[in-house]
Amino acid sequence: MNYDLVIFDNDGVLVDSEPVANTILAGYLTELGHPTSYEDSLRDYMGAAVHRVHDLVLERTGQRLPEEFDQTLNARTFAAFERELQAVDGVTEVLGKLTADRVPYCLASSGSHERIRVGHRKTGLDLWFHDEIIFSAQDVGRGKPAPDLFLYAAERMGVAPERCVVVEDSALGVAAAVAAGMDVYGFTAMTPAGKLAGAKGWFSSMAELPALLA
């Protein structure tokens, strides 16, 4: 194994949440008078913490989103997760191999701790991730593309950044990993490799990942 720690993004890498969450976000923003398509949402917000939504809407329109925006968005998103969320195909096999090989892993997500836990309970990934190896943008001052979250995860896990590898599916996440001085592999299930510039390599199926990490 070339690395001492594997850091997984959550949304789109562990749980297949991006189609669900971005459909909800686009619809809610449109409802509030900020017309947003599903494709717009993926382009602008995939991989980002919710503060990016507030920042971009304010920057583009001069208007602030309502105070209850986060609460309403979470309620709608979590309800949709409970109905339809699934784990990414093949990810439990990857986690099983890492466990068998005694390779440490953790999670570093732009999503809140509550969002992570709702998704993991629904998909059964809570069996693989306990609280001590879950890190959220809530834990640091700046979310992706800043490197803070990945550096924080590495510090908490006791591993030097250059000995970490990140598994990401968003341009913002890849940029954050590169800024943290970590190797990163891009998952292209939803994002073309060309939009994940800076990754050391790319893969379209979880079955390909163990060979990349070896």
Side-chain angles (χ1 to χ4, degrees), residues 6-26 36-50 52-53 73-74 76-78 80-95 98 105-126 128-129 133-138 143-145 149-150 153 165-178 182 184-210 212-213:
V6 181
I7 304 177
F8 290 95
D9 176 42
N10 186 56
D11 292 292
V13 171
L14 298 175
V15 293
D16 192 16
S17 55
E18 296 292 8
V20 179
N22 282 282
T23 297
I24 297 292
L25 176 57
T36 305
S37 69
Y38 171 70
E39 292 75 18
D40 293 337
S41 186
L42 288 177
R43 181 195 65 222
D44 293 339
Y45 306 121
M46 182 174 167
V50 71
R52 179 175 171 86
V53 183
L73 179 65
N74 285 341
R76 295 182 182 186
T77 302
F78 296 169
F81 282 1
E82 293 289 357
R83 292 192 303 270
E84 54 193 288
L85 189 64
Q86 296 182 351
V88 168
D89 188 41
V91 77
T92 55
E93 288 79 4
V94 172
L95 295 170
L98 291 175
Y105 63 85
C106 68
L107 176 165
S109 172
S110 293
S112 67
H113 282 283
E114 183 182 12
R115 176 188 174 113
I116 296 165
R117 276 305 182 202
V118 168
H120 283 201
R121 284 194 299 267
K122 169 63 176 177
T123 59
L125 288 176
D126 54 344
W128 297 93
F129 289 90
I133 61 171
I134 294 177
F135 307 104
S136 161
Q138 285 182 310
K144 306 169 188 178
L149 177 56
F150 288 135
V165 62
V166 175
V167 183
E168 264 287 355
D169 73 326
S170 74
L172 294 175
V174 169
V178 171
M182 301 175 181
V184 54
Y185 286 97
F187 185 35
T188 61
M190 286 192 62
T191 307
K195 293 187 177 181
L196 300 177
K200 184 174 182 179
W202 301 268
F203 64 103
S204 60
S205 166
M206 279 294 162
E208 304 169 45
L209 181 59
L212 295 174
L213 302 180

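Numbers here simply count residues along the sequence, with the first being 1.
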Quick check: closest heavy atoms across Ile116 and Ser109, and the distance to 0.1 Å? CD1-CB, 3.8 Å
Here the pair of heavy atoms bringing Gly12 nearest to Ser17 is N-OG, 3.8 Å
Between Phe8 and Leu98, is the side-chain contact (heavy atoms from CB on, under 4.5 Å) condition met? List the steps. CA-CA 12 Å; Phe8 290 95; Leu98 291 175; 3.8 Å; yes
If we count only N and O atoms by modelled type, under 3.5 Å, do the side chains of Asp169 and Thr191 hold a donor and an acceptor together? no
I want to check something: taking the side chain as every heavy atom from C-beta on, are Val167 and Phe203 in contact at a cut-off of under 4.5 Å? yes
Begin with the C-alpha distance, continue with both residues' side-chain angles, and end with the deciding distance and a verdict on side-chain contact (heavy atoms from CB on, under 4.5 Å) for Asp9 and Val166. CA-CA 8 Å; Asp9 176 42; Val166 175; 5.8 Å; no
Where is the tightest heavy-atom contact between His120 and Leu14, given as atom of each residue plus distance? NE2-CD1, 4.3 Å
Just by distance, do the side chain of Glu18 and the backbone of Met46 share a donor-acceptor pair under 3.5 Å? no
Glu82 atom CD, neighbour heavy-atom count above 12 within 6.0 Å: yes
Tell me, do Met190 and Pro19 make a side-chain contact under 4.5 Å, heavy atoms counted? yes
Ile134 side chain near His113 side chain, heavy-atom distance below 4.5 Å: yes
Going by the salt bridge (Lys or Arg N to Asp or Glu O under 4.0 Å) test, which pairs reach into residues 190-210, not counting sequence neighbours? Asp183-Lys200
Say whether, by atom type as modelled, one donor and one acceptor occur between the side chain of Ser110 and the main chain of Ala137 under 3.5 angstrom. no
Evaluation steps, side-chain contact (heavy atoms from CB on, under 4.5 Å), between Val13 and Val91: CA-CA 8 Å; Val13 171; Val91 77; 5.6 Å; no
Determine whether the aromatic ring centres of residues Phe129 and Tyr105 are separated by less than 6.0 angstrom. yes
Which residues satisfy the salt bridge (charged side-chain N to carboxylate O under 4.0 Å, His left out) test with Asp44, sequence neighbours excluded? Arg60
